[in-house]
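Structure, as structure tokens:
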There are 2 protein chains.
Amino acid sequence: MTGPRRRVTQRDIARLSGVSQATVSLVLNNRLDAGVRIAPETRDRVLDAIRETGYVADPVARRLADRNNRIIGVFTYEPVFPSGARDFFHPFLLGLEEQAERLGCDLLLLTSAPVEGGRRRMFAEGSRIRLADGCVLLGQEVDRGDLERLVGEGIPFVSVGRRDDAGGPVPCVGADYPAATAALVARAAELGHRRIAYVGRGEGPESYADRLRGFRAAAAKAGVEYGRVHAAAAEPLDAAVAGGVTALFLEEPADIPAVTDWAAARGLGVPADLSLVALGDPTRPVSIDLDVAGFTIPRREMGRQALDVFFALIEGAETDVQRLLPCELHDGATLGPTGRNRS
Amino acid sequence: MTGPRRRVTQRDIARLSGVSQATVSLVLNNRLDAGVRIAPETRDRVLDAIRETGYVADPVARRLADRNNRIIGVFTYEPVFPSGARDFFHPFLLGLEEQAERLGCDLLLLTSAPVEGGRRRMFAEGSRIRLADGCVLLGQEVDRGDLERLVGEGIPFVSVGRRDDAGGPVPCVGADYPAATAALVARAAELGHRRIAYVGRGEGPESYADRLRGFRAAAAKAGVEYGRVHAAAAEPLDAAVAGGVTALFLEEPADIPAVTDWAAARGLGVPADLSLVALGDPTRPVSIDLDVAGFTIPRREMGRQALDVFFALIEGAETDVQRLLPCELHDGATLGPTGRNRS
DNA sequence: TCAAGATGATAATACGAATTATCATCTTGA
DNA sequence: TCAAGATGATAATTCGTATTATCATCTTGA
């Protein structure tokens, strides 16, 4: 028990070496700028005192003098509790952490923002979003009002995931869903599929709309007939197959178990009778034992680059503040030539 | 382009509502102490201005003035890059987040601490650990010097994982490894095993020592002969089996693939010829297709309770600041009656 | 009518470091 | 011998918040 012994400050060093606090600071920062000079012997005396006492500058005080605090807020729309989608976001966080480690800044997880109706509120009463120098946004769907307010108040921020304009272009690092989806559609066309369907909402979050856009464009270009199934439910799926669809493109890969169960119940072989393509990674934890064709979202890299964009923003550096990263395509066992064609 | 945005300060609020900075501070901290009074209408005017601007106290300045932030630092010894063990720590973080969400505080991931020799340094030059009200420690092995310094400087902290004393008892929330390990040893004894072995270091991190301690105590109590295998390598494993060992207790479940590969190469059936028990969860990402007997570390709950202990500490509440949580036992397919006994 | 007490707000200062402007003192050159 | 320049150090101020001491102004009671 030494008791709460007081920290050694520059004042202490100053007293010990018979100089002023200002001199101590100057010695410490070793300023060689114009107009700042310290006699070698004075410098030595100060350095000795520092060595003896083991003085270390208080980083808190140091930060107060600066403009920013090198703290980046991380705002996640999905609540932690109950977990659910949290696993999906973990790789993004890893990328953010990794880059924060490299850039020497800290990440502030804004867990204090209240959760209402299953979503976190950004600007609720007592919002602490301004604790940090700015923030990174995570979430499938981002509130437009929040974006506008962030822009309006000039709070530096970057969205992980592409965002439509909100009173101006939104800085973001997204996945190139249109390109990845289009590539898979083209692949299906090559394999002989003539009627394909997009399973999902195709609207709401930008990531959904982007997938559907890529899907449509590529199908049209390949001369393939295409339709939509609005949900991964038995009835609409039955209708699609009855209409001659031979390949399903799933907006939400977490729906795969539901779709394979349905296919098994109908006696449809995958990919013999029906091909399946997963447009991304599942946002809910599900266990999938199939080797599904599709693509992977470069989540970790997105997290990394989000911080790069953030720093470019606050430092006024020149970069593209809207980036789309390529997804990694994956040939799985569920996309094959259509059995109907072969027969 | 809005230019470098200036932070909203109490001075701004003061100007907006026509009062002094001191008044703003008093309103914010809602001091009802003797001698401090604010007229309701003044208070309202100030609160309005705060609402309009979304003002939040600068955490740095607040710390300098020696007050609380409701920011809890999270210090992780394992670096993020390259990832590796990071997945193991994710559930702890989830528990921390969940409880932070409940308690209305934010988590500061101390990613700015430099990494040296594969470990993060806590008190390196310019350590920002004091930006937070205190911190939670994550890591298999915690530096003793760091613990002593935390205690010495009076920084409130809690370790996730039990820690030996460091100039006094260390506040912590750990897993009850001895009890869980002992239960599995007892189970093996019931199943007829007469010679068993502990595979691993059994020292270094407290969690290793705790497992070995539980193992020895339970084996002795059950009257079972026990030995040790210092690493999951072919040679020492061969020796153990040659010596009549019929069950292996793995300190590090990430070693399971290595051990099953070795067993397969030797033509040993699991559990017919040899039983396997995993003492916890793998700390490195490995794919295990077996249903291994063992126990699970209550990682999420440990994270949750760590924050509880933390707040109890800084609020001076009465609680046990050293907790051991029970692990969940899991009967798997790898622990069975010994074939040698049956023959 | 005046002193004592209650009320509400503010000025001043601390926290620890960084920085700028300023001030002595000493050299040097003519 | 005196002005100009070089040298070395310091006083004062800044950053944003918290707190204490102080100061007006208004009530109240006798």
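In what follows, chains are A, B, ... by sequence order, proteins preceding strands, each numbered from 1.
What separates CZ of A:Arg45 from P of D:dG8 is a distance of 13 Å, to the nearest Å. To the nearest angstrom, P of C:dA18 lies 13 Å from CD1 of A:Ile38. Per the geometry, CZ belonging to A:Arg63 stands 16 Å off C1' belonging to D:dT14, to the nearest Å. Going from atom CG of B:Asp12 over to atom C1' of D:dC15 covers 13 Å, rounded to whole Å. Between B:Leu26 atom CG and D:dA18 atom P there is a gap of 9 Å when expressed in whole angstrom units. When the P atom of D:dT17 is taken as reference, atom CD of B:Gln10 falls 5 Å away, rounded to whole Å.
Contacts between residues 17-24 of chain A and DNA chain C, defined by a heavy-atom separation under 4.0 Å, are made by A:Gln21, A:Ala22.
Out of C:dG16, D:dA18, C:dG8, the shortest distance to the side chain of A:Ala61 is found at C:dG16. In the set C:dG8, D:dT7, C:dG16, D:dT7 carries the atom at the smallest distance from any side-chain atom of A:Arg37.
Between B:Arg7 and A:Asn68, the side chains place no donor N or O within less than 3.5 Å of an acceptor N or O (distance only, hydrogens not considered).
Pair assignment for C:dT28: D:dA3, on the basis of Watson-Crick or G-U wobble contacts that are both within less than 3.5 Å.
Note on ring orientation: taking the six-membered ring where Trp is involved, the planes of B:Phe89 and B:Phe92 are tilted (angle from 30° to 60°).
Distances shorter than 4.0 Å separate none of the side-chain N or O atoms of B:Thr9 from OP1 or OP2 on D:dG16.
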